[in-house]
Amino acid sequence: MARTPRPLIAGNWKMNGSKADGLALAKGVADGVKQAGWTDREVLICPPATLIMAVAEAVRGSGVLVGGEDCHAKPSGAHTGDVSAEMLRDAGASHVIVGHSERRTDHGETDAMVRAKAEAAWRAGLMPIVCIGETLAEREAGRTLGVLETQLKGSVPAGATAAKLVVAYEPVWAIGTGKTPTTPEVAAAHAHIRKVLGGLVADAPAVRLLYGGSVKGSNAAELLAAGDVDGALVGGASLKAEEFLAIAKAA
Ligand code: PEP
């Protein structure tokens, strides 16, 4: 099974941005992507739910994809404050991040909940980006690969294929800290993730595996060159168009 030739560079804006900020950022990214004319990589931005519709409109025709940062597992109903995958799709999203460590920590999301959200994404016609990653304590206890395996087996729904799944490896201790694993550590984690995916997905070699955690313009080339890395999930550095585009360029 051939590996995918198209890396994905995804920006997670988190809970940041007014409409004016978001539109300026989206326009900056869209202009850069249009100018670069890339056909060999995909660029995705995931704004807060309040901005998805406006951002999708602003980037239309540029090739930039738009995603949500989370979704509820149900399509509709009495879930005050939540947003369904169908709503994201309706607003112009094509992707949705599920199981980000900030959701797992802030909202107590379990692997089973993440799996249900990934299934909801499929139901709505969205591509789920399933996030997994170890904490510093787990890494220091030598449990990294075991934790990744457990999260993967619990979070990836049955019936997943490379056309329906992106996985993001995000060490919790590397998110927003400026710290990153070494390139061999990233490669080892990704190799293990791909091996575990081999038991879950028929075409595991083609599943896109993103690395996330303090990726910036200056370290992107090195991190993206690690074995089994097919792109990046970018937090802080996705809030500046120039920095985000530098990461996309490095892909
Ligand atoms: C993230 O939150 O997904 C992330 C990778 O954040 P940062 O790039 O800021 O570490």
Side-chain angles (χ1 to χ4, degrees), residues 7-17 21-22 25 28-29 42-49 51-52 55 65-71 88 93 95-107 109 114 117-118 121 126-136 138-139 144 147-148 151-152 155 165-183 185-186 189-190 193 208-226 228-251:
L8 172 65
I9 303 300
N12 171 15
W13 292 5
K14 311 195 186 193
M15 196 172 71
N16 291 298
D21 295 336
L25 176 54
V29 172
E42 288 185 332
V43 176
L44 167 72
I45 51 180
C46 300
L51 299 183
I52 289 177
V55 163
L65 303 164
V66 178
E69 298 178 9
D70 174 54
C71 67
L88 295 176
H95 291 62
V96 62
I97 299 167
V98 294
H100 190 281
S101 70
E102 286 152 17
R103 300 287 315 173
R104 290 177 185 261
T105 303
D106 295 356
H107 300 272
E109 291 189 4
V114 175
K117 288 175 181 224
L126 299 179
M127 172 75 86
I129 300 175
V130 175
C131 300
I132 57 171
E134 83 286 1
T135 62
L136 186 58
E138 288 164 342
R139 171 162 285 263
T144 298
V147 166
L148 298 180
Q151 289 182 336
L152 211 49
S155 306
L165 177 71
V166 175
V167 173
Y169 167 53
E170 298 207 304
V172 178
W173 53 272
I175 294 178
T177 60
K179 295 181 188 147
T180 59
T182 63
T183 311
E185 285 170 341
V186 172
H190 278 231
I193 290 167
R208 279 193 281 193
L209 302 188
L210 312 185
Y211 167 76
S214 295
V215 178
K216 48 193 178 185
S218 57
N219 64 13
E222 193 183 340
L223 288 164
L224 287 164
D228 277 299
V229 174
D230 305 307
L233 180 53
V234 184
S238 72
L239 295 173
K240 289 190 184 123
E242 226 173 273
E243 185 78 8
F244 186 57
L245 288 164
I247 296 168
K249 192 172 173 199

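Both counts, for ligands and for their atoms, begin at 1 and track the order of listing.
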Which of the atoms in ligand 1, numbered in the order shown and given with their element, are less than 4.0 Å from a heavy-atom of [X]?
X	value
A174	10 (O)
G213	5 (C), 10 (O)
L233	3 (O), 5 (C)

Provide, to 0.1 Å, the distance between [atom] and the closest protein heavy atom, together with that atom's residue and name.
atom	answer
atom 2 (O) of ligand 1	K14 NZ, 2.5 Å
atom 1 (C) of ligand 1	H100 NE2, 3.2 Å
atom 3 (O) of ligand 1	E170 OE2, 2.7 Å
atom 8 (O) of ligand 1	G235 N, 2.8 Å
atom 9 (O) of ligand 1	G236 N, 2.8 Å

Selection from G212, G176, G178 by shortest heavy-atom distance to atom 10 (O) of ligand 1: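 That would be G176.
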Distance-only, no hydrogens or angles: does the [X] side chain make a donor-acceptor pair with backbone N or O of [Y] under 3.5 Å?
X	Y	result
H95	G67	no
R208	D230	no
H107	E109	no
E243	G217	yes

Residue list, side-chain hydrogen bond (donor to acceptor under 3.5 Å, both in side chains) with D21, at least two apart or on another chain: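 Expected list: S18.
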Residue list, side-chain hydrogen bond (donor to acceptor under 3.5 Å, both in side chains) with T135, at least two apart or on another chain: E138
Sub-4.0 Å heavy-atom contact, S101 with ligand 1: no
Proximity flag K216 to ligand 1, non-hydrogen atoms under 4.0 Å: no
Within 6.0 angstrom of K14 NZ, more than 12 heavy atoms from elsewhere: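 More than 12 within 6.0 Å, yes.
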Part of A168 with heavy atoms under 4.0 Å of ligand 1, whether side chain, backbone, both or neither: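 Under 4.0 Å from ligand 1, A168 contributes no heavy atoms.
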N12 contact mode with ligand 1 (heavy-atom cut-off under 4.0 Å):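 It is the side chain that touches ligand 1; the backbone stays farther off.
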Whether Y169 and H190 hold their rings parallel, tilted or perpendicular, with breakpoints at 30° and 60°: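 Perpendicular.
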Member of V166, I175, V98, L233 meeting the side chain to side chain contact (heavy atoms under 4.5 Å, CB included) criterion with C131: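 Answer after filtering V166, I175, V98, L233: L233.
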N/O separation below 3.5 Å, S214 to ligand 1: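 Such a contact does occur with ligand 1.
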